[in-house]
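Here's the structure we're looking at; comments come further down.
For clarity, every value in this text was computed on a predicted model and none was experimentally measured.
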Amino acid sequence: MSQKTELPSLTGHRTKTRKRDEKKVYDPSGFRDFLVLELDKLIDPDTGNVDLEQIFKFLDATGNKTDYDYKRYGEALLEILIAGGLLAPGGSIAKDGDKAVSTPVCVFQDAVDLERARAWDQVFVKLIRRYKYLEKMLADEMKKILVYLRGFSDDHRTRLAYLTALWVSSGLIPPNTLPVVINEHQVKDSVALHFVLVILSTVKTDKGSSAVITLLKKSGLDNQLDQLFPANKRTPENIKNSLINAELGDVVTFLANQENAGAKKDMQRTLRSSISAEKPVKEIIAELHKSAKKNGFQESDAVTMIWTAVMSAVEWNKKEDLVLEQALKHLKQYIPLFAAFTTAARSEMVLLNKIQEFCYDNQDFLKCFNKIVLLFYKTEILSEEVILVWYKDSHIPKGWTVFMDQMKKFIEWLEHAESESEEESDDE
C-alpha cells in the first residue's frame with residue numbers, strides 16, 4: 001500500500017505586495033503643504049506679482065505626478081486655488097496647530113478686479129480641459145463654498161462673485177448651483193443678496209442684459225429673488241430698489257413682465273371658468289373690470305383674453321357649413337362682453353386681427369371670417385373706420401389673400417356709404 005507524499009509546508013513564506021497594489025494614504029494636509037509651498041515660490045520676490053501662465057504650467061505638470069493625483073486631491077486643489085487653503089466648516093482657513101496654512105496665490109487674494117478674475121478663469125478653464133474630471137469636482141465644490149459666504153470677508157466674497165459669474169454664464173458650473181446661497185444665516189444679513197447682485201452685475205458687464213435674464217431663468221432665481229431678502233423686507237418695493245441701485249433696471253422690467261404674464265394667466269383661467277359655468281355676462285364684465293384695474297391691464301389685453309376664452313368654451317362642429325351657424329349663435333351671447341372692452345379704436349383693431357388669426361389657424365373657420373366681422377359691425381363692436389384702416393394697412397399677413405377676397409364687397413359697400421355720408425355733410 002503506497003503512502004501519500006507530504007506536501008511542502010509554506011510556513012514562514014512572505015508574499016511581497018506589488019508596488020502598484022499598495023494603497024497610498026490619503027493626505028490632503030500633505031498635499032496642501034506641498035501646493036502652498038510651491039505656489040509661494042512662484043511669486044515674484046521683487047514685485048510680489050504672480051504670473052498666472054506659470055501657475056498653470058506648474059499645476060498642469062503636478063497633476064501628472066502619482067503622489068499628487070488630482071483624481072484624489074482635486075477638491076483640495078480647487079479649494080486652495082479659490083480660497084488659498086483648505087476650508088474648515090464655516091469658511092475659515094484650516095489651521096495646522098495655531099497657524100492657518102494658506103497662500104496668496106488664489107482667487108480670494110489675487111482676483112482684485114474683473115479683468116484679473118478673467119485671467120484666473122482661464123487658469124481653471126485650461127486646467128479642466130487637461131483634467132476633465134475636475135469640472136464635476138468644481139461644481140460640487142462650489143455648492144459647498146457658496147454656503148460659507150458669511151465666513152469670508154467682503155472683498156473675498158466680491159472676488160468669488162466675479163469668478164462665479166464667469167463660470168455660470170459660460171456653463172463651467174451649472175447655473176442651478178446659485179440658489180444654494182439661499183439659506184437663513186446668509187439671508188438675514190443680506191450676504192446672499194449682495195453676492196447675487198454682484199454676480200448679475202458682472203454678467204451684465206461681461207455679456208449684456210440678455211445674458212442676465214437667461215441666467216435668472218436657467219438658475220431658477222427668477223422665481224426666488226424675493227427669498228434673498230429677510231422676511232420683514234420681502235416687498236416688491238425693496239426688490240425693485242435693490243435691483244435699480246445695482247443698475248439692473250432690465251431685471252426690474254423682466255420681473256414686472258413676468259408678474260404681468262402670471263396675472264394674465266390667472267385672469268384668463270378665471271374668465272374661462274366663468275364662461276364655462278355660464279355666469280351672467282354682467283357678472284363676468286364686473287369681475288374682468290376689477291381684475292384689469294388691479295393688475296393694470298389695457299383694454300386691448302382684456303379683449304384678447306375674452307376672444308380666446310369665448311372661442312375655447314365650445315366644442316366646434318367639424319362641418320364647415322354647420323360651424324358658421326354655431327359660431328354666430330355662440331358669439332351673439334357675448335356681444336355685451338365684447339362691447340364693454342372695445343371702447344377704443346386700438347382695442348377694436350386688436351380684436352379684428354385676433355379674429356383673422358383665429359380663422360386662419362382653425363381652417364374650419366376660414367370661410368366664416370367675413371360673417372363674424374359683419375356680426376360685430378352690425379352690433380357696433382367694430383366701427384367702419386377701424387375695418388377700413390384694417391383692410392388698407394393694419395391687417396396681419398396670415399391668410400390675407402383669402403380674407404381680402406372675402407371682405408372685398410363689404411369694404412366697397414363701406415367706402416360707398418362713407419362717400420355718401422361725406423356728400424350729405426357737404427350739402428348741409
Checking ring pair (Phe, Tyr, Trp, His ring centres under 6.0 Å) for the pair Phe410/Tyr377: CA distance, chi angles, key distance, verdict? CA-CA 11 Å; Phe410 181 46; Tyr377 171 72; 5.4 Å; yes
Do Val105 and Phe58 come close enough that some side-chain heavy atom pair is under 4.5 Å? no
Consider side chain to side chain contact (heavy atoms under 4.5 Å, CB included). Of Arg157, His194, His156, His185, which one does Leu149 pass it with? Arg157
Whether over 12 other heavy atoms sit under 6.0 Å from Asp98 CG: no
Salt bridge or not between Lys240 and Glu237? Use side-chain N to carboxylate O under 4.0 Å. no
Does the pair Leu225 and Leu228 meet the rule for a side-chain contact (heavy atoms from CB on, under 4.5 Å), with working shown? CA-CA 6 Å; Leu225 278 178; Leu228 291 166; 3.7 Å; yes
Among Val168, Leu178, Leu160, Leu163, which one satisfies side chain to side chain contact (heavy atoms under 4.5 Å, CB included) with Met142? Leu160
With a 4.0 Å cut-off, would you call Glu141 and Lys144 a salt bridge? yes
May I ask you to decide if Ala117's main-chain N or O and Asp121's side chain share a donor-acceptor pair within less than 3.5 Å? no
For Glu283, does the CD atom sit with more than 12 other heavy atoms under 6.0 Å from it, leaving out its own atoms? yes
Trp390 and Phe376 aromatic centres sub-6.0 Å: no
Answer yes or no: is there a donor N or O on one side and an acceptor on the other, between the side chain of Gln406 and the main chain of Leu366, under 3.5 Å? yes
So, the side chain of Asn238 versus the backbone of Lys233: is there a donor-acceptor pair under 3.5 Å, distance only? yes
Between Arg269 and Asp266 (salt bridge meaning N to carboxylate O under 4.0 Å), is one present in this structure? yes
Please determine whether a side-chain nitrogen of the Lys or Arg among Lys126 and Glu53 lies less than 4.0 Å from a carboxylate oxygen of the Asp or Glu. yes
Atom CD of Gln224 with >12 non-hydrogen neighbours under 6.0 angstrom: yes
Has Arg234 got a side-chain atom pairing as donor or acceptor with Asp226's backbone, closer than 3.5 angstrom? yes
Which heavy atom of Ile128 sits nearest a heavy atom of Glu135, and at what distance? CG2-CB, 3.8 Å
Compute the centroid of each ring, for Tyr73 and then for Tyr26, and state whether the two points are separated by less than 6.0 Å. yes
Lys204 side-chain N/O to Glu247 backbone N/O, donor-acceptor pair under 3.5 Å: yes
Do you know which of Val50, Ile55, Asn49 makes side chain to side chain contact (heavy atoms under 4.5 Å, CB included) with Ile43? Val50
Is the Tyr162-Trp120 ring centre distance short of 6.0 angstrom? no
Criterion salt bridge (Lys or Arg N to Asp or Glu O under 4.0 Å) on Lys354 and Glu357, from CA distance to verdict: CA-CA 5 Å; Lys354 194 69 183 171; Glu357 182 181 41; 3.4 Å; yes
Are the side chains of Phe338 and Leu382 in touch, meaning some heavy atoms are under 4.5 Å apart? no
Backbone of Asn317 reached by a side-chain donor or acceptor of Gln326 within 3.5 Å: yes
side-chain contact (heavy atoms from CB on, under 4.5 Å), that's the test. Do Cys359 and Ile355 meet it? Break it down for me. CA-CA 6 Å; Cys359 291; Ile355 298 167; 4.2 Å; yes
Fit a plane to each ring of Phe34 and Tyr68, take the angle between them on a 0 to 90° scale, and name the class: parallel (under 30°), tilted (30 to 60°) or perpendicular (over 60°). parallel
Consider only side-chain N and O atoms of Thr308 and Gln268, and report whether a donor and an acceptor are under 3.5 Å apart. no
Donor-acceptor check, side chain of Tyr70 to backbone of Tyr133, threshold 3.5 angstrom: yes or no? no
Using a strict cut-off of less than 4.0 Å between a Lys/Arg side-chain nitrogen and an Asp/Glu carboxylate oxygen, indicate whether Lys318 and Asp364 qualify as a salt bridge. no
So Phe403 and His395, do their side chains get closer than 4.5 Å, heavy atoms only? no
Evaluate the side chain to side chain donor-acceptor pair (under 3.5 Å) criterion for residues Thr270 and Glu287: first the C-alpha distance (whole Å), next the side-chain angles of each, then the deciding distance (0.1 Å), finally the verdict. CA-CA 9 Å; Thr270 302; Glu287 284 178 359; over 6 Å; no
